[in-house]
Amino acid sequence: MAITLDEPGADGPSGALAALREWQHDGAPAQLHPGDLGWFRRFGAEATAAAVRTWSRDGRILAVGLLDDPELLRLTTAPDARRDEELARRVVEDVAEPARGVLVPGRVYVDAPADALVRDLLFEEGWRTDEPWTPLRRDLAEPVEDPGLRIEVVGPEQAPVRTAVQRASFDRSTFTDERWRAMAAGPAYASARCLVARDDRGEAVAAVTVWSAGPGRPGLLEPMGVHRDHRGHGHGHAIAVAAAAALRELGSSSALVCTPSSNVGAVATYASAGFRPLPEVHDLCRGA
């Protein structure tokens with residue numbers, strides 16, 4: 001049968017989440033993770049469903065895409081479909097034609113695994129690489145060291161602290177208590193945790209959300225931030241270590257994170273917390 005492009009609809013992206021969990025494994029290139037859908041869920045169930053696209057053959061999902069915004073499609077495929085030519089050509093056709101409801105006209109971006117055929121075909125169509133990102137990975141086979149700060153697991157009562165640290169970490173953050181509750185109500189959050197780090201005065205200085213893809217699979221940090229008033233004291237290192245420990249408790253085989261390569265401070269912070277930098281990755285860009 002031919003490849004079909006679908007949106008989850010009213011039932012939500014449960015099939016896409018299940019596929020993404022199945023596709024995660026150590027050694028795979030940087031790719032879309034169930035936690036990416038989980039973090040997007042802060043905008044609500046309807047918005048998340050509207051942002052997800054799947055490509056299927058004979059009822060089996062072969063590729064999942066998340067529209068992080070109307071100009072950016074984050075895409076991954078089943079491991080055995082990375083070089084599937086029919087799938088890759090259909091995806092390229094769909095992202096090229098705005099009427100198909102994937103990307104808008106003009107300058108747009110696609111994030112796809114480095115070994116995916118869709119990247120080769122987009123290059124042939126004139127797409128070019130954008131700014132580099134650095135993925136980092138920490139193996140979780142061994143116990144994780146003490147982070148050196150008091151770490152709290154966030155529940156509904158502590159949500160205002162979690163969201164306040166987020167807004168104090170990112171100038172343009174719109175993370176509110178309401179959005180935390182929307183995120184926590186999503187299916188991906190059943191295997192996730194929010195953590196807050198406090199210094200020796202009890203101040204909330206850093207926060208992170210970690211997402212498990214299931215036992216024996218890589219987990220994700222998304223997002224992590226340090227309060228702007230408490231930087232330069234090693235709190236980023238501490239919360240990254242705490243995130244790794246939380247994912248190990250959830251059964252994850254490794255902890256993954258990705259940050260712009262230009263953010264050398266973030267790369268160094270993760271490296272200091274035992275995360276090993278992996279080869280840089282690039283989104284692909286189509287000019288206006």
Carboxylate-amine/guanidinium proximity below 4.0 Å for Arg60 and Asp80: yes
Non-hydrogen side-chain atoms of Cys285 and Arg128 separated by less than 4.5 Å: no
Closest heavy-atom pair and its distance - Ala88, Val118: CB-N, 3.8 Å
Side-chain donor or acceptor of His235 paired with backbone N/O of Val226 under 3.5 Å: no
Salt bridge (Lys or Arg N to Asp or Glu O under 4.0 Å) assessment of Glu7 paired with Arg53: CA-CA 5 Å; Glu7 297 182 32; Arg53 301 290 184 274; 3.7 Å; yes
Minimum side-chain heavy-atom gap Pro135-Leu256 below 4.5 Å: no
Salt-bridge contact Glu86-Arg57 (side-chain N to carboxylate O under 4.0 Å): yes
Salt bridge Arg74-Asp69, side-chain N to carboxylate O under 4.0 Å: no
Fellow cluster residues of Leu72, listed by chain then number, with links counted only when side-chain atoms sit under 4.5 Å apart: Tyr109
Closest approach of Pro218 to Asp26 (non-hydrogen atoms, all atoms of both residues): CG-OD1, 3.5 Å
Check: Asp177/Thr163 side-chain N/O donor and acceptor closer than 3.5 Å: yes
Val281 side chain near Pro132 side chain, heavy-atom distance below 4.5 Å: no
Sequence-distant partners of Arg138, salt bridge (charged side-chain N to carboxylate O under 4.0 Å, His left out), two or more places apart: Glu145
Verify same cluster id: Ile151, Val153 (apolar side-chain graph, 4.5 Å): yes
Considering all heavy atoms, the nearest Ala16-Val64 contact: CB-CG1, 3.9 Å
Trp23: partners by ring-ring contact (aromatic ring centres under 6.0 Å, His included), with sequence neighbours left out: none
Aromatic ring pairing His227/His230, orientation class (parallel under 30°, perpendicular over 60°, tilted between): perpendicular
Leu247 and Leu140, any side-chain heavy atoms less than 4.5 Å apart: yes
Audit row: Leu32, Leu75, side chain to side chain contact (heavy atoms under 4.5 Å, CB included) steps and yes/no: CA-CA 6 Å; Leu32 189 68; Leu75 174 83; over 6 Å; no
Minimum-distance pair of heavy atoms, taken over all atoms of Gly216 and Ser253: O-OG, 3.5 Å
Pair Phe170-Phe175, side chain to side chain contact (heavy atoms under 4.5 Å, CB included): steps then yes or no: CA-CA 10 Å; Phe170 300 95; Phe175 199 35; over 6 Å; no
Main-chain N/O of Arg179 paired to Thr176 side chain as donor or acceptor, under 3.5 Å: yes
Set of salt bridge (charged side-chain N to carboxylate O under 4.0 Å, His left out) partners for Glu93, sequence neighbours left out: Arg100
Within-4.5 Å side-chain heavy-atom neighbours: Trp133 and His282: no
Flag, side chain of Ser169 to backbone of Val165, donor-acceptor distance under 3.5 Å: yes
Donor-acceptor pair, side chain of Arg231 and main chain of Gly236, under 3.5 angstrom: no
Axial cation check for Trp39 ring with Arg41, 6.0 Å and 45° limits: no
Any side-chain donor near an acceptor of the partner, Arg193 and Thr209, under 3.5 Å: no
For residues 270-280, run the donor-acceptor check on the side chains, cut-off 3.5 Å, and write out each pair with its distance to 0.1 Å, sequence neighbours left out.
| unit_1 | atom_1 | unit_2 | atom_2 | d |
| --- | --- | --- | --- | --- |
| Ser272 | OG | His237 | ND1 | 3.1 |
| Ser272 | OG | Thr269 | O | 2.6 |
| Glu280 | OE2 | Ser261 | OG | 2.9 |

Evaluation steps, salt bridge (Lys or Arg N to Asp or Glu O under 4.0 Å), between Asp111 and Arg119: CA-CA 9 Å; Asp111 167 26; Arg119 292 181 64 91; 5.4 Å; no
Same cluster (ILVMFWY, side-chain, under 4.5 Å), Leu103 and Leu87: yes
Approximate separation, where rounding is to 0.5 Å, of Trp211 CH2 and Arg21 CZ: 10.5 Å
Stepwise side chain to side chain contact (heavy atoms under 4.5 Å, CB included) test for Val161 and Val154: CA-CA 9 Å; Val161 177; Val154 174; over 6 Å; no
Heavy-atom donor-acceptor pair, Ser212 side chain to Gly214 backbone, under 3.5 Å: yes
Salt bridge flag under 4.0 Å for residues Arg90 and Asp94: yes
Closest approach of Ala242 to Leu195 (non-hydrogen atoms, all atoms of both residues): O-CD1, 3.7 Å
Audit row: Arg82, Asp84, salt bridge (Lys or Arg N to Asp or Glu O under 4.0 Å) steps and yes/no: CA-CA 6 Å; Arg82 289 278 202 266; Asp84 186 309; over 6 Å; no
Check ion pair Arg150-Glu152 (N to O, under 4.0 angstrom): yes
Residue pair Arg162, Gln158: steps toward the side chain to side chain donor-acceptor pair (under 3.5 Å) verdict: CA-CA 7 Å; Arg162 170 69 183 92; Gln158 297 83 27; over 6 Å; no
Same cluster (ILVMFWY, side-chain, under 4.5 Å), Leu122 and Val108: yes
Side chain to side chain contact (heavy atoms under 4.5 Å, CB included) assessment of Leu149 paired with Val205: CA-CA 10 Å; Leu149 287 178; Val205 296; 4.1 Å; yes
Ion pair check, Arg137 and Asp139, cut-off under 4.0 Å: yes
Linked, directly or transitively: Met224 and Val257 (ILVMFWY side chains, under 4.5 Å): yes
Member of Thr4, Leu62, Ile61 meeting the side chain to side chain contact (heavy atoms under 4.5 Å, CB included) criterion with Thr54: Ile61
Rounded distance (nearest 0.5 Å) linking atom CD1 of Ile3 with atom CH2 of Trp55: 11.0 Å
Over all atoms of both residues, closest heavy-atom pair of Thr48 and Leu37: CG2-O, 4.2 Å
Point-to-point distance, once rounded to the nearest 0.5 Å, from CG of Leu136 to OG of Ser254: 12.0 Å
Beyond-backbone contact of Val110 with Asp283, side-chain heavy atoms, under 4.5 angstrom: no
Pairs where residues 202-229 contributes a residue and the test salt bridge (charged side-chain N to carboxylate O under 4.0 Å, His left out) is met, not counting sequence neighbours: Asp171-Arg228
Heavy-atom check, side chain of Trp180 versus side chain of Pro160, under 4.5 Å: no
Side chain proximity check, His33 to Leu20, heavy atoms < 4.5 angstrom: no
